[in-house]
Amino acid sequence: MTASLAPPHLFSIMLARVQAAAAAVLGPQAALTRIVVEPPRDASHGDMATNAAMVLAKDAGMKPRELADKLAAALAGDSLVEKVDVAGPGFINLTLKAHVWGDALRAVLEQGASYGRSNIGGGHRVNVEYVSANPTGPLHVGHGRGAVFGDALASLLACAGFAVTREYYINDAGAQVDVLARSAYLRYREARGETIGEIPEGLYPGDYLIECGQELASDYGDKLLELAEAEWLPIVRRRAIDMMMAEIRNDLAALRIVPDVFYSERSLIEGEEHDPFAPTHHDARFEATHPNAAVRPTDVVAATIADLRAMGHVYEGRLPPPKSGNLEDWEDREQTLFRSTEFGDDVDRPLLKSDGSYTYFATDIAYHKSKFDRGFTDMIDVWGADHGGYIKRMQAAVKAVSDGKATLDVKLVQLVRLLRAGEPVKMSKRAGSYVTLREVVDEVGRSAVRFDMLYRKNDAVLDFDLAKVIEASRDNPVFYVQYGHARGYSIFRTAKAELGDALPETPAARLALLKEAAVDRLTDPGELSILRKLALYPRLIEAAASAHEPHRVAFYLYELASEFHGQWSRGKDSSHLRFIIQDDRQLTLARLALVQGIVTVLASGLALLGVDAPDEMR
RNA sequence: GGCCCCGUAGCUCAGUUGGAUAGAGCGCGAGCCUUCUAAGCUUGAGGUCGCAGGUUCGAAUCCUGCCGGGGUCGCCA
């Protein structure tokens with residue numbers, strides 16, 4: 001494992017000490033894992049609060065307050081603890097020694113960009129799959145949300161100590177890509193001089209295939225015109241998919257999203273020689289450990305189904321007709337079914353269509369099995385909300401192919417409503433007239449797109465307003481947080497001008513100086529509040545990573561920026577609270593160290609979200 | 001009809017994974033620029049956490065049932 005060990009943070013240290021105290025009072029069998037150490041809702045309660053007495057009271061056969069008193073006595077002598085109070089139903093409120101906050105700030109400056117990293121992932125491998133769109137057209141804004149979410153989640157998990165693989169599943173099999181091929185073929189004929197007129201119903205009308213047709217024309221001349229569809233289709237399809245994937249990769253790159261692995265659905269059926277991105281297809285480290293890989297059959301889906309059948313999870317049977325949709329073509333017949341009900345699904349699921357080809361589900365099972373075979377027992381899929389009905393069967397499949405050893409968490413991202421100044425942007429599905437992800441990124445910028453999409457829980461519908469996200473106001477979170485970062489550097493610039501030699505030129509030298517600052521001079525309530533906020537960051541990262549919720553990072557950054565702006569403005573009213581105090585160099589350096597801590601955490605969090613942290617915004 | 005998601009201030013949304021008196025922005029009211037970026041800050045009003053039960057020391061959070069909105073239900077991916 002390459003992850004460097006992150007030092008324990010304040011909250012994990014105190015949790016360990018509270019647990020030790022509980023074990024000392026109640027014995028080692030106490031249910032220590034239920035204990036939480038967190039900042040109290042009301043700062044007047046102290047610096048940290050623990051529920052230890054309340055969660056342990058019943059097992060101990062004591063009243064919560066009574067147990068709290070015992071635990072409080074045990075914690076009173078702790079080297080970090082100034083004061084212990086028991087309050088309410090049995091909370092133990094801890095007031096920490098004054099120096100811990102300065103120590104916490106020093107830790108930020110010492111660790112720099114790595115402050116906030118955690119070991120809770122333990123180097124375990126996690127596979128995060130996201131976007132996974134049909135390569136039949138440009139990505140739209142909805143795809144973008146999945147991509148941004150998946151990418152930020154991957155970064156968050158990496159920050160928390162997981163070994164993350166970012167993966168894109170190319171849906172390059174099935175009927176849709178054949179339609180793509182026929183559409184491209186039409187453009188090819190057009191490029192060879194035919195008048196094609198209106199694009200027929202059922203084909204993709206977008207302009208984006210014109211270039212594909214032209215390339216085919218220049219490469220093949222009239223040769224493809226002479227072939228039967230069965231012959232030209234694979235050729236055109238391959239070319240069209242490759243071009244679309246190149247576009248998609250570009251669009252993702254514009255959002256600074258670069259998946260580690262592109263995995264071709266088609267390769268599962270036809271073998272890997274058809275994989276357009278073979279170099280990243282397999283993880284060589286795990287090939288060797290899986291004997292099957294060496295004799296990998298061409299049709300992996302067939303092999304997967306055979307395996308499941310051997311385990312008794314596949315059978316021939318009948319299904320009740322669907323409850324809705326068009327029942328006209330419903331045909332009651334015996335079919336090949338996966339026994340997903342055995343793993344918690346509502347009904348068993350078909351693996352073959354009536355024409356004998358694989359259902360999407362069948363191929364997806366093989367795909368997820370490949371993840372397991374590549375060493376992943378921890379899988380996360382990011383899907384659009386319209387695929388919610390698919391979760392149970394996929395989780396069932398993962399359990400089946402891994403013999404219960406792997407787990408799949410599916411994160412659904414809700415749809416995006418594109419607005420401009422409150423008015424819906426027309427999203428015609430006809431022609432190429434819908435707004436693409438790329439157009440949005442080009443218009444408002446990567447940072448605005450990413451932050452706005454992350455400043456919302458994944459399962460809540462998102463209103464994305466093209467006018468609002470570039471507004472320079474508090475109403476626009478991405479600006480507000482970036483401005484906080486820029487404001488920090490503005491203070492450095494002013495300090496350099498006002499203090500002259502006192503502040504070194506280079507960031508590294510400045511940092512070295514500020515590490516030595518007398519941070520115990522930071523005693524203003526606003527300053528202490530910011531210090532507490534900074535100390536909370538590592539815990540926030542851990543909680544967000546455990547919950548698979550990157551939006552928590554965005555909200556934390558907003559809150560930190562807000563506290564910073566507030567402290568800055570207090571200096572307007574009370575000059576003794578300004579960051580730069582002309583006649584007190586020591587205090588100034590202490591406050592600059594605080595600013596350094598703030599910009600460090602802001603930059604670190606923004607980087608995690610893939611958002612720029614500018615030094616200046618003019 | 002089955003399953004999944006959502007329902008918190010007038011509006012848009014958080015809520016530290018069961019904690020103490022439920023928070024922020026916008027909007028509305030009252031204030032702060034000869035001083036580090038006013039692109040900012042301070043402050044007031046505003047709540048039956050959809051409804052009703054249940055679980056327990058304690059529920060916006062967990063369970064059950066309703067109400068409302070969205071999604072989905074073999075041969076799309």
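Both backbone and side-chain heavy atoms feed into the values below; hydrogens, waters and symmetry mates do not. First the proteins, then the strands, lettered A, B, ... as listed; each starts at 1.
- Contact annotation: A:Lys392 does not reach the phosphate of B:U72 (side-chain N/O to OP1 or OP2, under 4.0 Å).
- Counting any heavy atom pair closer than 4.0 Å across all strands shown, A:Ser357 reaches no nucleic acid atom.
- Distance from the side chain of A:Arg456 is smallest to B:C13 among B:U17, B:C36, B:C13.
- Between A:Ser569 and B:A38 there is no side-chain N or O to OP1 or OP2 distance below 4.0 Å.
- Below 30°, between 30° and 60°, or above 60°: for A:Phe579 and A:Phe564 the angle between ring planes is above 60°, a perpendicular geometry.
- Residue A:Lys353 places at least one side-chain N or O under 4.0 Å from the OP1 or OP2 atom of B:A77.
- Taking a centre distance below 5.5 Å and an interplanar angle below 30 degrees as the stacking criterion, A:His45 stacks against the six-membered base ring of B:A20.
- Regarding A:Leu557, its CG atom lies at a distance of 15 Å from the C1' atom of B:U16, rounded to whole Å.
- Using a 4.0 Å heavy-atom criterion, one finds that A:Ala495 contacts no nucleic acid atom at all.
- The base-pairing partner of B:A60, taking Watson-Crick or G-U wobble contacts with both distances under 3.5 Å, does not exist among the strands shown.
- Counting non-hydrogen atoms under 4.0 angstrom, A:Asn458 reaches nothing in the nucleic acid.
- Sequence order on RNA chain B of the closest nucleotides to A:Leu412 and A:Tyr358 puts A:Leu412 first from the 5' end.
- Between A:Arg41 and B:A20 there is a side-chain polar atom (N or O) within less than 4.0 angstrom of OP1 or OP2.
- Look at B:U72: its Watson-Crick or wobble partner, with both distances under 3.5 angstrom, is B:G2.
- Side-chain atoms of A:Asp172 do not come within 3.5 Å of backbone N or O of A:Ser264 as any donor-acceptor pair.
- Look at A:Arg552 and you won't find any side-chain N or O under 4.0 angstrom from OP1 or OP2 of B:C13.
- What separates NE2 of A:His576 from P of B:U35 is a distance of 19 Å, to the nearest Å.
- Taking atom CZ of residue A:Arg570 and atom P of nucleotide B:C33, one finds them 17 Å apart after rounding to whole Å.
- Across all strands shown, A:Ala543 has no heavy atoms under 4.0 Å from either base or sugar-phosphate atoms.
- In the set B:C57, B:A20, B:A38, the nucleotide with an atom closest to the side chain of A:Lys58 is B:C57.
- Base pairing annotation: B:U17 forms no Watson-Crick or G-U wobble pair, as no partner gives both donor-acceptor distances under 3.5 Å.
- Straight-line distance from the CG atom of A:Asp459 to the P atom of B:G15: 10 Å, rounded to whole Å.
- Residue contacts for A:Arg474: at a heavy-atom cut-off of 4.0 Å it reaches the sugar-phosphate backbone alone, with no base atom in range.
- Counting only heavy atoms from C-beta on, A:Ala472 has its side chain closest to B:A39 among B:A38, B:G19, B:A39.
- Nearest nucleotide to the side chain of A:Asp463, out of B:U37, B:A77, B:C13: B:C13.
- Ring geometry for A:Phe361 against A:Tyr390 counts as perpendicular: the plane angle is over 60°, on a 0 to 90° scale with 30° as the lower cut.
- The cationic group of A:Arg339 lies under 6.0 Å from the six-membered ring centre of A:Tyr315 and within 45° of the ring axis, placing it in a cation-pi geometry.
- Comparing A:Asn171 and A:Asp615 against RNA chain B, the residue whose closest nucleotide sits nearer the 5' end is A:Asp615.
- Across all strands shown, B:G44 pairs with B:C28; the Watson-Crick or G-U wobble distances both stay below 3.5 Å.
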Pair A:Asp459, A:Lys411 - check salt bridge (Lys or Arg N to Asp or Glu O under 4.0 Å), show working. CA-CA 8 Å; A:Asp459 49 12; A:Lys411 305 296 284 187; over 6 Å; no

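- Taking the six-membered ring where tryptophan is involved, the planes of A:His485 and A:Tyr489 are tilted, since the angle between them lies from 30° to 60°.
- Judged by distance alone, with hydrogens and angles left aside, A:Arg578 brings a side-chain donor or acceptor within reach of the base of B:U35, the pair sitting under 3.5 Å.
- Judged by Watson-Crick or G-U wobble contacts below 3.5 Å, the nucleotide B:G65 has B:C51 as its partner.
- A sub-4.0 Å separation between OP1 or OP2 of B:C41 and a side-chain N or O of A:Tyr480 is present.
- Checking the phosphate oxygens (OP1, OP2) of B:A20, no side-chain nitrogen or oxygen of A:Arg65 falls inside 4.0 Å.
- Under the 90° criterion around 0 for the glycosidic angle, B:C5 counts as anti.
- A heavy-atom distance below 4.5 Å is not found between the side chains of A:Thr136 and A:Val179.
- Atom CD in A:Gln414 sits roughly 16 Å away from atom P in B:G69 (whole-Å rounding).
- Looking at A:His551, its side chain has no donor and acceptor atom pair within 3.5 Å of the base of B:A14.
- Nearest nucleotide to the A:Asn134 side chain, out of B:G15, B:G19, B:A77: B:A77.
- Ring-to-base geometry places A:Phe91 in a stacked arrangement with B:A20 (centre distance under 5.5 Å, plane angle under 30°).
- As judged by a 4.0 angstrom heavy-atom cut-off over every strand, A:Ser473 is placed among residues touching the sugar-phosphate backbone only.
- Not a single donor-acceptor contact under 3.5 angstrom links the side-chain atoms of A:Asp386 to the base of B:A77.
- Using a 4.0 Å heavy-atom distance criterion, A:Pro350 is classed as a sugar-phosphate-only contact.
- The residue A:Glu265 sits close only to the backbone: its heavy atoms come under 4.0 Å of sugar-phosphate atoms, none of a base.
- Listed pair A:Lys572 / B:G40 fails the phosphate criterion, with no side-chain N or O lying under 4.0 Å from OP1 or OP2.
- Under the 4.5 Å side-chain criterion, counting only non-hydrogen atoms from C-beta, A:Thr363 is in contact with A:Ile269.
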